[in-house]
Structure formats: structure tokens, C-alpha cells
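Below is one structure, written out as C-alpha cells; the observations come after it.
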There are 2 protein chains.
Amino acid sequence: MGITERKEREREEMRKLILDAAQTLFLANGYEKVSIRNIADTIEYSPATIYLYYKDKNELLYALHQRGFVKMVSEFQSLRSLSDPFERLVEMGRAYIRFAVENPELFDLMFIMTAPMDKLDKEDWVEGDQAFGLLMTIVQECMDAGIFKKHDVQATSMMIWSGIHGYTALFLRKRLGMFPECDRQPIMDEAFDLFCKTLRHGL
Amino acid sequence: MGITERKEREREEMRKLILDAAQTLFLANGYEKVSIRNIADTIEYSPATIYLYYKDKNELLYALHQRGFVKMVSEFQSLRSLSDPFERLVEMGRAYIRFAVENPELFDLMFIMTAPMDKLDKEDWVEGDQAFGLLMTIVQECMDAGIFKKHDVQATSMMIWSGIHGYTALFLRKRLGMFPECDRQPIMDEAFDLFCKTLRHGL
DNA sequence: GCAAAATACTGAACAGTGTTCATTAAGTTT
DNA sequence: AAACTTAATGAACACTGTTCAGTATTTTGC
């Protein structure tokens, strides 16, 4: 009897239907402005139905959080073609910033929003761990190649991640009001450049 | 007739009464969990009354945003005693992180939350400008003293701010799940230390 | 001192939110 | 065909920010 299998498949399809609708709405309108009722409307089901497939709104957000990491890690794959480890590091930083600017809502969910992160176990961090692991590998390679002095790889990677993350967080959350609109991009670019040079000479 | 003056004074007192109550509640319970009705209850007025003194909830948040910057800038005053400009810079970074950890909700409002920043004019950035101005002054002094090479002061300051901000943002928003709980603080400290050293040698 | 004008305040309502649950409809098993 | 299981829903609950007509209270002009 393949009925249970079909049921399971239908259930998975329904979960995908809901999540796809949620993703479209969230990424288009932001998380605040999308309600369970909105999602229910677009898939033409009752709001209560959504709760049969996802425990609550946060579980929906967390599912997207995971999708975001999968997308980001996949975009990092293009780095493999670069042979020079430092160049790869710089390009990874650029990719991180690019991802943030091109997918602001996803990035928000992944690194800034509080909502879905309230209580996460270690198992929920596989994707984030993967991305950070990639960074650590590149940093290690920079050390092996003599580009960086030998330091604790974890702390060094953390320092670099923080440095890059800072820009994107301040930029996305519109905290650069002290600069005139037109100056912001150039200043950001110059600051990123300076950060890379400082790493190159000082680490 | 001092009646208009008294009225003005009473109005200001009422604004303070509301804002104080809001601050206490917000900083204790977080912004999400405090409603206008909660605030109204604690000051024993009707919810509608609050709208006679503040346009909406965001105006309340923005008033606290300003208070936060005043507090932060006042905490930076202790830096004046340090004579070495680089030491002053490091200590400013420490003070920034300390402020964030000790006043997480205020910091959130000032640098992370989207809510009150939706549309701010240039005049609303005086306090932030002041803090960033202080940073630029110290960076300039580091350059004058020959500790840093001469670069664009704005971009350099921005780079340093981003670097420090990154830690605090990731930490406050609980994005260090890949590290075991007990390792986080040491890694953060080491990363901060490494950032300072890297600036010292590489900038 | 008293009526009229101005100000301060509030209860109730509106339109929305996330979430739950008894009830109904559909599908599966015996 | 009847009994059982599963899926979907309408309606409700307890909230939210915000508005507004109406009621107190205070100030003004006579």
C-alpha cells in the first residue's frame, strides 16, 4: 500500500507550497508586513491550515533561514576557481556583502533578526557552521602560504567575519545617516578596501 | 500671565513621565513585548492620552534612541584622560562593546532595530554624528602621531567602526551558535585583541 | 461670580495580529 | 455501507497600534 507514501509526499508538497508563498511574500514585503492570513490567502487555504504544517510563524522563518544559508553557501562555490588564498578571502568578503545587498531580507533573517533565533540547538547550526568552516579553511591557507602570521584560526576568522559583517549590518539597517546619500557607497568601498589592505599588511 | 509657561512645563513633565515609563518597560522586557496599553497602565492614564504627547510608538522609540546616544557619548568622556591616541582608540572600542553588552536594548535601538529609523532627516543624526566625530578625531590623531599611515580619515574611521560593530551585532543577535557557549567570550576577546594588533601593524 | 470657550482626557471602536479548537468535510479501512 | 481516521475550516480569544466622538476639567472674557 503506497498510500502512506503518497500522504507523506502530499504533506511535503503542502509544506513547500506554504514555504514558497511565505518566501515570496516575506522577501517582497518584509517580515513585519506579512501575516499568516496573507500567506493563507495567496495559497487559498484557511489560516488555521498553516498551523497543521508549521508549528508557528517562527518555524516558517527558520525554514527560510536555512534556505538562505544554502543559497549563500552555493554562491561561495565560485570561489573555488581562485587559486591565491588571499584573493579568495577578499572575494569571499565581496560575495558576503553582495549577498547581503542583493538579498537584504534573507540576510536580515540569517544574521540580524532576533525572531527565529530565540532558542536554537547546535544541530540547527550546520549551515552556518559550514560557511564559517569555509572561512576558516581559507584563513588557514593564508597562514600556510605565509600571507598571514600564525594565529588562532578561529579567532582570526571571527575577527575577519566581524569586520565584514559590520559594514553590511550598518548599511542594511540604515545607520550611515551621517554621510550624505551619494557619499555612502564610495566610503563603504574605500573602507572595505582599507580593511583588506590592513589585513594583508598587519595580520 | 505665567499660565502658558506652566502649561508648557506640565506638558514637558507629562512627556517625561511617559518616556520614563516607556524606557523602564522597554529596557526590562524588550520592545516587542511592551505595548502602548502597558505604558498607559503603569502611568495610570488612558492609552489615547499617550498619543496627545507622542505621535506614535516610533516617536517614543526615537526619543529613547536619542537618550541612548547621550548616554553613550557621556561614557566616552572618560577617554579624555588617556594621552596615547592609539590607546584611546582601543579603549573607545572597548567602551563601545561594554556599552552594547551592558545596555543591549538601548544599543539595539541605536544601531540595529529598523523601527525608529524608517525615515530620519539629517538633523536627527546630531548625536550619532558627534560620536562618529569623536572617532574621527582620534583616528586623525593616530595618523598625526605616525601610528597609522595617512589615509582618508572618514573611510578609516568607518572601517574601524564596522570592525568593532560587527562583533557586538553578531554577539547581541546570538549568531555565535557554532561555538560552544563557554568558548564564545574568549574567542570574542581574542578576536578584538587581534583586530587592535592588526590595526596597529597594518594601518 | 458665572457662562462660554479652550484644553485635557477617556471609552469605545476599528482593523489588524498570532494562535487555538470544536466542528465539518473528505478519504481510508474494515 | 458503516466505522474510523485524517484534513481543513470558521469562529473565537486575547492581543496589538491607532483614531475619534464625547466627557470632564480648566481658563478666559464679561
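No hydrogens, no waters, no symmetry mates; every other heavy atom, side chains included, goes into these values. What you are looking at is a predicted structure, and each value in this text was computed from that prediction instead of being measured. Naming: A, B, ... by sequence-line order, numbering from 1 per chain.
- Looking at heavy-atom distances under 4.0 Å, Arg11(B) makes no contact with the nucleic acid at all.
- Ring pair Tyr31(B)/Phe26(B) is tilted by interplanar angle, where 30° to 60° counts as tilted.
- Near-neighbour residues of DNA chain C inside residues 22-35 of chain A, defined by a heavy atom below 4.0 Å, number-ordered: Val34(A), Ser35(A).
- Separation of the Phe107(A) and Phe111(A) ring centroids falls under the 6.0 Å cut-off.
- Within the structure, every pair that satisfies the side-chain hydrogen bond (donor to acceptor under 3.5 Å, both in side chains) test and touches residues 151-161 of chain A, not counting sequence neighbours, is listed here: Tyr96(A)-Trp161(A).
- Residue pairs that meet the salt bridge (charged side-chain N to carboxylate O under 4.0 Å, His left out) test with at least one member in residues 15-36 of chain B, sequence neighbours left out, are Glu12(B)-Arg15(B), Lys16(B)-Asp20(B), Asp20(B)-Arg67(B).
- Judged by distance alone, with hydrogens and angles left aside, the side-chain atoms of Arg200(A) form no donor-acceptor pair with the main-chain N or O of Phe148(A) at under 3.5 Å.
- Proximity note for Tyr51(B) (side chain, C-beta onward) versus dT9(D), dT20(C), dG17(D): the nearest is dG17(D).
- For the pair Arg6(B) CZ and dA6(C) P, the computed distance is 18 Å after rounding to whole Å.
- Looking at residues two or more places apart in sequence or on another chain, you find a ring-ring contact (aromatic ring centres under 6.0 Å, His included) between His65(A) and Tyr62(A), Phe69(A).
- Each salt bridge (charged side-chain N to carboxylate O under 4.0 Å, His left out) pair with one or both residues in residues 89-107 of chain A, not counting sequence neighbours, appears once here: Glu91(A)-Arg94(A), Glu91(A)-Arg98(A).
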Which dot-bracket string fits DNA chain D when only Watson-Crick or G-U wobble pairs with both atom distances under 3.5 Å count, crossing pairs get [ ], and | stands for a partner on a different strand?
-> ||||||||||||||||||||||||||..||

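- Contact of Arg37(B) with dG17(D) (side chain to base): a donor-acceptor pair of N or O atoms is detected under 3.5 Å.
- Separating the OH atom of Tyr53(B) from the C1' atom of dT18(D) is a distance of 18 Å, rounded to the nearest angstrom.
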